[in-house]
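Data block below; observations after.
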Amino acid sequence: MAVRAAVRDESIKPDSSFLSDVIAGLAARPKRLAPKYFYDEAGAQLFEKITTLPEYYLTHCELQVLRERSAEIARFFPANSALVEFGSGSSRKARIVLSAASTVSTYVPVDISAEMLNREADELRRDYPSLNVLPVVADMMQPFSLPPAVAGMPHAGFFPGSTIGNLEPHEACSFLRQAGRMLGRGASFIIGVDLVKDPKILNAAYNDRAGVTAKFNLNLLARINRELGGNFDLSSFSHQAFYNSERHRIEMHLASKKRQKVKVAGRTFDFRAGETIHTENSYKYSLESFAALARGSGWNPMSAWTDANGKFSIHALVFDSH
Ligand code: AVI
């Protein structure tokens, strides 16, 4: 599952932050829930399905850019370097760049799911016998330590999928700074970023005809029912996703179809008809606005590539700050 440990936390126990975040989010005005809670097992499977949908161009386009530009991307990986992937999931995209980069001697996949990491690491060792694979179980949004074995090596980062778009721009900036401090001065960073485009294409990508994105969104309520003893009636909420052109983001919401009360962990929450829970933002950048964000976070934009239709971009950055 290539999802985005950025927005996933499988280690949640019902009595931990999931419960307190849900209670606080449903009590807030407007109501909100963090997108990292989408990714329980059912949510992760639904996301995998989303990446195969015809309307969800992001994955197809990013794979196209990675395949077409793998040789150019590989030039950003110095001799005997360590490639650190943030939220590695299935490492499907890393395989494309690793196959083109003989200079990478160590691959450090970072993910919150130990089980997936170890399984994928075994397969990578089998398929790339000369590659040293050193997985790290961590929440990549928090500072974490790299394996001591890569200490003296040049580092490069890899963060595909436009998961950076699920962060608020100020959070994306903190994430980039933190990654830069960890990877070190002179490190390169290859990042996938979805681009601003015709709202029709954006709206279709998050309102697919098969209804998978709607299921993915509603699964959050099902998860609250399963894990926190909630009594959400899923049929009385609907999926909403629309492009907010002022803020350059897709917003996802769950809208209450009627006036109703919902109980979670013994607490009651009132919904007005039409009231929504804001569940996700997915920011879209121009090549320039992402380069500006990178610059403001201590990174020097070096190259950017897009697919033939200019829908999705891959940026190469080099860390310039201390
Ligand atoms: C993981 N992330 C980049 C996806 C996105 O497009 O923002 C999550 C997603 N939400 C709805 N569809 C996909």
Side-chain angles (χ1 to χ4, degrees), residues 1-8 33-69 85-96 116 158-167 172 190-220 222-223 238-245 247-254 278-287 290 305-315:
M1 185 216 36
V3 185
R4 323 315 62 196
V7 285
R8 187 179 56 184
L33 292 169
K36 68 177 176 182
Y37 295 122
F38 281 139
Y39 302 95
D40 65 346
E41 212 177 308
Q45 276 173 20
L46 286 164
F47 180 72
E48 274 309 294
K49 218 167 166 187
I50 287 174
T51 65
T52 67
L53 294 169
E55 297 96 332
Y56 195 76
Y57 61 86
L58 288 82
T59 311
H60 320 294
C61 291
E62 183 172 44
L63 288 169
Q64 186 191 331
V65 186
L66 288 172
R67 288 190 191 111
E68 284 174 6
R69 304 295 189 161
E85 180 170 5
F86 294 79
S88 51
S90 69
S91 297
R92 179 184 177 197
K93 293 168 187 168
R95 281 170 176 267
I96 299 172
M116 156 150 319
F158 186 48
F159 191 28
S162 200
T163 301
I164 197 154
N166 295 126
L167 303 177
I190 304 296
I191 307 192
V193 182
D194 195 17
L195 295 171
V196 169
K197 61 183 61 64
D198 182 346
K200 276 199 213 99
I201 299 174
L202 288 165
N203 285 324
Y206 293 82
N207 290 285
D208 63 278
R209 294 225 238 142
V212 184
T213 310
K215 268 198 198 146
F216 172 72
N217 200 5
L218 284 159
N219 177 60
L220 191 46
R223 181 178 184 184
S238 58
H239 165 72
Q240 276 185 0
F242 56 88
Y243 186 58
N244 178 334
S245 53
R247 308 190 76 167
H248 310 292
R249 68 189 193 195
I250 285 280
E251 292 186 12
M252 289 216 312
H253 296 256
L254 288 162
H278 189 168
T279 51
E280 186 180 58
N281 288 321
S282 188
Y283 282 87
K284 311 301 170 187
Y285 291 89
S286 64
L287 292 175
F290 187 75
W305 305 275
T306 72
D307 58 295
N309 296 314
K311 287 184 179 161
F312 196 92
S313 63
I314 303 269
H315 291 251

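These figures come from a predicted structure and were not determined experimentally. Computed over heavy atoms, backbone and side chain alike; hydrogens, waters and symmetry mates excluded.
- Residues passing the salt bridge (Lys or Arg N to Asp or Glu O under 4.0 Å) test with Glu55, sequence neighbours excluded: none.
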Decide side chain to side chain contact (heavy atoms under 4.5 Å, CB included) for Thr279 and Phe38; before the verdict, give the C-alpha distance in whole Å, the side-chain angles of both, and the deciding distance to 0.1 Å.
CA-CA 9 Å; Thr279 51; Phe38 281 139; 3.8 Å; yes
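- At least one side-chain heavy atom of Asn203 sits under 4.5 Å from a side-chain heavy atom of Ile250.
- For the pair His60 and Asp307, the minimum side-chain heavy-atom distance is 4.5 Å or more.
- By the neighbour-count criterion of 12 heavy atoms within 6.0 Å, atom NZ of Lys197 is densely surrounded, having more than that number from other residues, nucleotides or ligands.
- Annotation for Lys93 and Phe158: closest pair C-CE2, 3.8 Å, computed over non-hydrogen atoms.
- Not one N or O on the side chain of Asn166 forms a donor-acceptor pair closer than 3.5 Å with the backbone of Glu280.
- Using bins of under 30°, 30° to 60° and over 60° for the plane-to-plane angle, the ring pair His278/His253 lands in the parallel bin.
- Across every non-hydrogen atom of Ile164 and Gly192, the tightest pair is CG2-O, 4.1 Å.
- Here the options are Glu68, Arg67, Glu62, the test is side chain to side chain donor-acceptor pair (under 3.5 Å), and the partner is Gln64; only Glu68 passes.
- Going from atom CG of Leu58 over to atom NZ of Lys284 covers 5.0 Å, rounded to the nearest 0.5 Å.
- In this structure, Tyr283 and Asn244 have side chains that are not in contact, with every pair of non-hydrogen atoms separated by 4.5 Å or more.
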Does the pair Asn207 and His239 meet the rule for a side chain to side chain contact (heavy atoms under 4.5 Å, CB included), with working shown?
CA-CA 8 Å; Asn207 290 285; His239 165 72; 3.6 Å; yes
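- Between the side chains of Asp40 and Asn219, at least one donor-acceptor pair of N or O atoms lies under 3.5 Å.
- When side chains are defined from C-beta on, Phe290 counts as touching Ile191, because their heavy atoms get closer than 4.5 Å.
- Between Asp194 and Lys311, the closest heavy-atom pair is OD1-O, 3.1 Å.
- When all heavy atoms are compared, the tightest approach of Val65 to Phe312 is CG2-O, 4.2 Å.
- At distances below 3.5 Å, not a single donor-acceptor pair connects side-chain atoms of Arg69 with backbone N or O atoms of Trp305.
- Residues Leu287 and Ser313 approach most closely at CD2-CB, 3.6 Å, considering heavy atoms.
- Considering only heavy atoms from C-beta on, Val196 comes within 4.5 Å of Tyr243 through its side chain.
- Residue Leu33 holds its CG atom at 5.0 Å from CG of Leu220, rounded to the nearest 0.5 Å.
- Atom CE of Met252 and atom OG of Ser282 lie 8.5 Å apart (nearest 0.5 Å).
- Heavy atoms only, all atoms of each residue included: Tyr285 and Ala172 are closest at OH-CB, 4.4 Å.
- Rounded to the nearest 0.5 angstrom, Asp198 CG and Asn309 CG are separated by 12.0 Å.
- Expressed to the nearest 0.5 Å, how far OH of Tyr206 lies from CG of Asp208 amounts to 11.5 Å.
- Taken from OG1 in Thr213 to OH in Tyr56, the straight-line distance is 8.0 Å, to the nearest 0.5 Å.
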